[in-house]
Structure formats: C-alpha cells, structure tokens
Participant: 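Can you read through this structure? Questions will come right after.
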Amino acid sequence: MDYRDLANLIFPDAKEISYYEEKYPKRNLKEGAIVTRYAPSPTGVMHIGGLYQGLIAKKMAEQTEGVFFVRIEDTDQKREIEEGTSKIITALNEFGLKPDEGLISDSEEVGNYGPYKQSKRKEIYQAYAKYLIEQGKAYPCFCTTEEGEEIRKKQEEAKIRPGYYGVWAKCRNNTVEEMAEKIKQGKNYIIRFKSPGREDKKIKHKDIIKGNVEFPENDQDIVIIKADGLPTYHFAHIVDDHLMGTTHVIRGDEWLSSVPLHLQLFYELGFKAPKYAHIAPIMKNDNGNKRKLSKRKDPEAAVSYYEEEGIPEKAVKEYLLNIANSSFENWRRANPDKDVSEFELQLNKMGVSGALFDMIKLLDVSKTVISKLTAKEVYEEALKWAIKYDEELQKLLSNKEYSLKVLGIERGNKKPRKDISKWSEVKENIDYMYDEIFLEKEHKYPYQVINQKGDIDKILDIYIEKYYNEADDKQTWFDKIKELAQELGYAKEVKEFKENPEKYKAHVGDVSTVLRVALTSRTNTPDMYEIMQVLGKDSIKKRFEKAK
Ligand code: GLU
C-alpha cells in the first residue's frame with residue numbers, strides 16, 4: 001500500500017490533474033496584462049469595500065488589456081444567504097463592473113475557464129487533493145470534533161499556539177496502512193494539507209500595496225477538503241487562481257496574514273504564485289475614532305444605500321478612485337471632461353492603511369458628475385429612481401416636455417448648475433417650478449430689502465402689465481427690470497445706489513429679489529430669466545396674484 005493506493009481509495013473517480021491543466025491552457029495575453037478577479041462569498045449584502053475591490057480589479061485588468069473575472073466563493077454553504085449570488089451580480093451590474101469572464105447572472109456565466117462558482121468545481125478540487133495525497137502532501141484526518149476541542153483546550157491551558165500542527169497533528173503520523181484501514185472501517189474524515197513549514201523560520205514577501213512583509217512560515221496542517229467533500233477557501237482559491245491564470249490577487253488585507261499559507265500551497269502544488277495586492281479597508285471617522293466602515297452601524301457601508309439614495313454609480317466609482325489614488329483628484333482637475341477610463345490607477349500608490357470615507361466629498365463629486373449630464377440624462381435617471389422610490393417625483397416628471405425644460409435651466413453651458421448631488425434631491429430642487437404644486441401650497445415669502453406689501457404689489461403689477469414680454473432676450477429682459485426700478489424710484493444700477501444711498505429706497509437687485517421671491521418663494525434660485533422662460537406668462541401672472 002502506498003500513497004497512490006491511498007489516493008485512489010479516497011478519490012477513486014477523480015481525474016488526473018493533467019486533464020485540467022490541458023483543459024485550461026495558459027492565457028495568451030500581451031506582456032504585462034493583468035488577469036485578476038473579484039471573488040466574493042455570497043454570505044451577506046454587498047459592502048462598499050467589495051465594490052471598491054471589484055472596481056480596482058476591473059480597472060487594473062482594463063488598463064493592461066488583461067482579464068477581469070468574477071468568481072463566486074460559495075464553499076462555506078452554512079454561511080450562504082438566500083440569493084447571495086444574484087445580489088452580488090446585480091450590484092456589480094448596477095455599478096457597471098461587468099466582468100470579462102465569470103458569472104453574469106445567478107445561473108449564467110461567460111468565459112473558458114469556468115465554472116466560476118466554486119460549488120460547481122468540486123471534482124476539480126478533488127483531483128488536486130488527490131494529487132497532493134499521491135505525493136504524501138495531504139492526508140485524511142480522522143479526528144472527531146470532540147478530539148479537536150480537546151486539543152484546543154490543552155493548547156489553551158498550556159498557553160501555546162492553537163491549531164493542528166507539529167505534535168498536535170495526530171493524524172499526520174498514521175501510516176498509509178492505518179489510514180486505509182480506518183477508511184475501510186467507514187470512519188469519517190477530512191483531508192488535511194501536510195505542511196512542510198516551520199514556525200521558527202521566516203518568509204519574506206513583497207506585497208504590491210503593503211510593501212515588504214515578513215511572517216513566520218505556515219506550519220498548520222489546514223483542512224483542504226471538508227467532510228461534505230467541498231474544499232475550504234484556502235485550497236479552492238489556490239486551485240482556481242492557478243487554473244484561471246490569475247496574475248494578480250487583489251483583495252482585502254484581512255487576508256495578508258494568510259499569505260504564508262497560500263504561498264506554501266502554491267509551491268507544494270507546483271504552481272507559480274500570483275502577485276498580491278492587499279487593499280486596506282475603507283474607514284470612517286466616528287467621533288474622532290478611525291474605524292472600519294461597518295455593515296451593522298453605517299448605512300453607507302451597504303452598496304444598496306447608494307442606489308436607494310439616488311447617488312449615481314458614476315459618482316460613487318469616481319469617489320472610490322479618489323480614495324484609491326490620491327493623484328486622482330489632480331488628474332480630474334486637469335482633465336475635467338475625460339472619462340475615468342483614461343486615468344491610470346497605480347496599485348503601488350494605494351494607501352497602506354485605510355482611507356477615510358467622506359460622504360460630503362462624495363456628494364460633491366456627485367454634484368459635479370450630475371452637472372455634466374444633459375437635461376435628458378438627468379430626466380431619465382431621476383425618473384428611473386423615482387419609479388422605484390418616490391411617487392410624487394414620478395408624477396411631476398410624467399410631464400416630460402415641461403420637466404425637460406425645468407431640468408434644462410442653466411445646464412449644457414460652460415458653468416452648469418451644480419445643485420443636485422443625488423436623485424432624491426431632485427424633487428425639492430424643482431418642485432416649485434410646477435404650478436400644480438406651487439400654486440396649491442401656502443408659502444412664506446422671504447422678501448428682503450423691499451418687504452412692504454404696497455411696494456411689492458406695485459412691482460409685481462407694473463412689471464407684468466408693462467414690462468414682461470416672453471419674446472425678450474436676456475439683455476432686453478434685464479434692461480426692462482432696470483426701467484421698472486427707475487420708474488418706481490429705485491436705483492437702476494447697484495453702483496448708483498452705492499454712490500448715493502440716501503437718494504434711493506433700494507436698487508434694481510432688490511427689485512429682482514421681489515420678482516424672484518414672488519415667483520418661487522425662494523431667495524436663491526437658478527437664473528431668473530430662464531425660470532420665467534420656462535414658466536411662461538400665464539404661470540407668472542398666477543404666481544404674482546398668489547403672492548399679493
Ligand atoms: N472569498 C474571499 C472573500 O470573500 C475572497 C478572498 C480572495 O479574494 O482571495 O473574502
């Protein structure tokens with residue numbers, strides 16, 4: 001009886017690994033092309049940190065004409081949540097992180113290196129586990145849960161490192177015959193990796209983000225195949241990244257300390273290890289304390305938050321690139337109109353420790369993003385959001401022609417309006433432009449310098465009767481407000497007023513404010529000429545009557 005016989009006894013049907021090595025040939029890509037992946041486990045709602053990883057991975061692949069693939073790591077089926085996979089795929093699609101390969105829906109995938117869902121790759125992992133057993137690098141472990149508990153207790157009492165290693169790794173010393181005998185007796189077992197490492201030796205590793213790191217070697221005989229026949233994450237992802245041709249593993253830095261184990265597995269399997277880039281988590285300032293963004297405490301940690309709030313995906317992505325590389329901000333300033341795909345992300349310029357998430361900054365980025373959209377684009381996006389989340393806004397927008405005019409105010413020019421940061425703000429931003437809302441509501445009119453009813457009524461009456469003409473261009477329109485001011489004894493120019501304040505009650509700007517407040521019940525609005533153009537004479541008249 002030798003290792004080969006043992007391997008055959010354990011996995012009689014597993015194929016030779018050469019079968020898979022041929023089935024998944026080396027990729028033929030240009031020099032420097034990065035093949036990388038986003039490999040989430042479907043165990044919870046998608047976290048902004050996951051989106052961040054996915055975005056960076058996709059960007060690096062895109063930038064180097066490589067491959068970005070999505071692999072679902074669902075081998076821990078106890079922790080899987082309902083529709084976990086489809087939630088991830090939907091979120092990725094919403095954020096435009098379509099993979100070149102991998103899952104594109106819960107049940108469909110593209111690419112030649114699949115399946116891209118680990119639970120569908122059981123046979124592959126078993127073939128590689130068999131291969132390790134054949135070489136004496138893996139073995140069946142028959143320890144029961146109780147025995148495992150006992151080991152742990154003893155280690156705790158003796159205050160030594162926990163785990164299955166060295167003298168504690170009882171089953172690694174069984175002879176092949178003993179192992180075979182127990183299997184034949186029908187004993188339950190799992191498969192463990194036989195680690196050749198020593199804790200008192202160090203390994204050095206260069207991480208693209210974290211730089212040089214040094215760790216003790218791994219000496220744990222970790223589980224590679226569990227009792228249910230499925231692999232553990234550690235083993236599965238090594239096999240996958242090898243067969244899928246991953247050149248760069250870009251993932252959260254909670255995995256950094258597993259690098260010694262992972263490198264050892266690659267080495268013992270005879271595979272070339274990929275490069276690693278471990279990303280620091282996104283942090284939050286919590287009353288002066290820096291902590292990780294938490295799914296439990298922070299609504300903005302969930303990717304769904306952005307869609308619910310109506311923050312455009314483009315803005316979220318752009319903000320995440322800001323966090324990823326501090327040079328992004330300067331690049332954006334120098335290239336305000338370029339597509340983000342032209343920005344070259346550098347993994348080695350990412351922060352070693354976690355960047356702070358700043359919602360104010362994100363909303364500011366979002367304002368700029370939205371300011372660059374056309375009225376039609378704003379209309380369509382806001383409507384899409386409203387259909388899901390805001391019936392009243394949807395109703396307003398159902399008047400498409402008028403809404404396009406409203407949204408078109410101060411848009412499409414060199415300095416477009418920058419007053420919307422999310423779709424959930426659109427309603428309060430534009431609702432006063434709709435007569436069905438404005439004329440129905442009671443308003444507090446915040447008049448300023450000119451605030452006496454008699455003066456206000458006079459301005460409104462004379463303006464609409466004598467001066468307002470829809471056909472006027474902007475200059476004529478403004479000249480007429482000046483004339484109105486003059487007629488009523490206000491200074492025609494602000495300058496004039498400043499030079500002789502005692503001569504006038506107020507100036508043309510104050511007259512304009514009266515018009516603005518009467519029209520909108522706001523002191524701060526976009527360009528009043530455009531507002532009047534959109535409202536039309538009929539509405540202006542009604543608004544003035546209401547204000548009087
Ligand atoms: N499935 C692992 C996780 O969700 C992925 C780690 C990796 O990218 O290797 O954290």
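For ligands, and for the atoms within them, numbers begin at 1 and follow the listed sequence. These numbers come from the heavy atoms of this one structure, side chains and all, not from hydrogens, waters or symmetry mates. This structure is a prediction, so every number in the text was calculated from the model and none was measured.
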Participant: Using the rule side-chain hydrogen bond (donor to acceptor under 3.5 Å, both in side chains), only one of Thr36, Asp240, Asp241 pairs with Thr246; which is it?
Facilitator: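 It is Asp241, the one option of Thr36, Asp240, Asp241 that forms the side-chain hydrogen bond (donor to acceptor under 3.5 Å, both in side chains) with Thr246.
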Participant: Determine, step by step, whether Leu51 and Met46 satisfy the side chain to side chain contact (heavy atoms under 4.5 Å, CB included) criterion, reporting the C-alpha distance in whole Å, the side-chain angles of both residues, the deciding distance to 0.1 Å, and the verdict.
Facilitator: CA-CA 8 Å; Leu51 188 72; Met46 190 151 164; 4.2 Å; yes
Participant: N/O to N/O below 3.5 Å, does that happen between Ala39 and ligand 1?
Facilitator: yes
Participant: May I ask you to decide if the ring planes of Tyr24 and Tyr20 are parallel, tilted or perpendicular, using 30° and 60° as cut-offs?
Facilitator: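 Geometry flag for Tyr20 against Tyr24: parallel rings.
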Participant: Mind checking whether Tyr233 has an N or O less than 3.5 Å away from an N or O of ligand 1?
Facilitator: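 N/O-N/O distance below 3.5 Å exists for this pair.
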Participant: Heavy-atom contacts with Arg251 under 4.0 Å: which atoms of ligand 1 show up? List them by number with element.
Facilitator: 7 (C), 8 (O), 9 (O)
Participant: Nearest non-hydrogen atom to atom 2 (C) of ligand 1 belongs to which of Gln53, Glu73, Arg37?
Facilitator: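 Going through Gln53, Glu73, Arg37 one by one, Glu73 has the nearest heavy atom to atom 2 (C) of ligand 1.
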Participant: Between Met60 and Leu347, is the side chain to side chain contact (heavy atoms under 4.5 Å, CB included) condition met? List the steps.
Facilitator: CA-CA 8 Å; Met60 291 313 296; Leu347 282 179; 3.9 Å; yes
Participant: Can you give me the closest heavy-atom contact between Arg121 and Pro115, atom names plus distance?
Facilitator: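 Result for this residue pair: NH1-O, 2.7 Å.
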Participant: Which protein heavy atom lies closest to atom 10 (O) of ligand 1, and at what distance to 0.1 Å?
Facilitator: Trp255 NE1, 3.1 Å
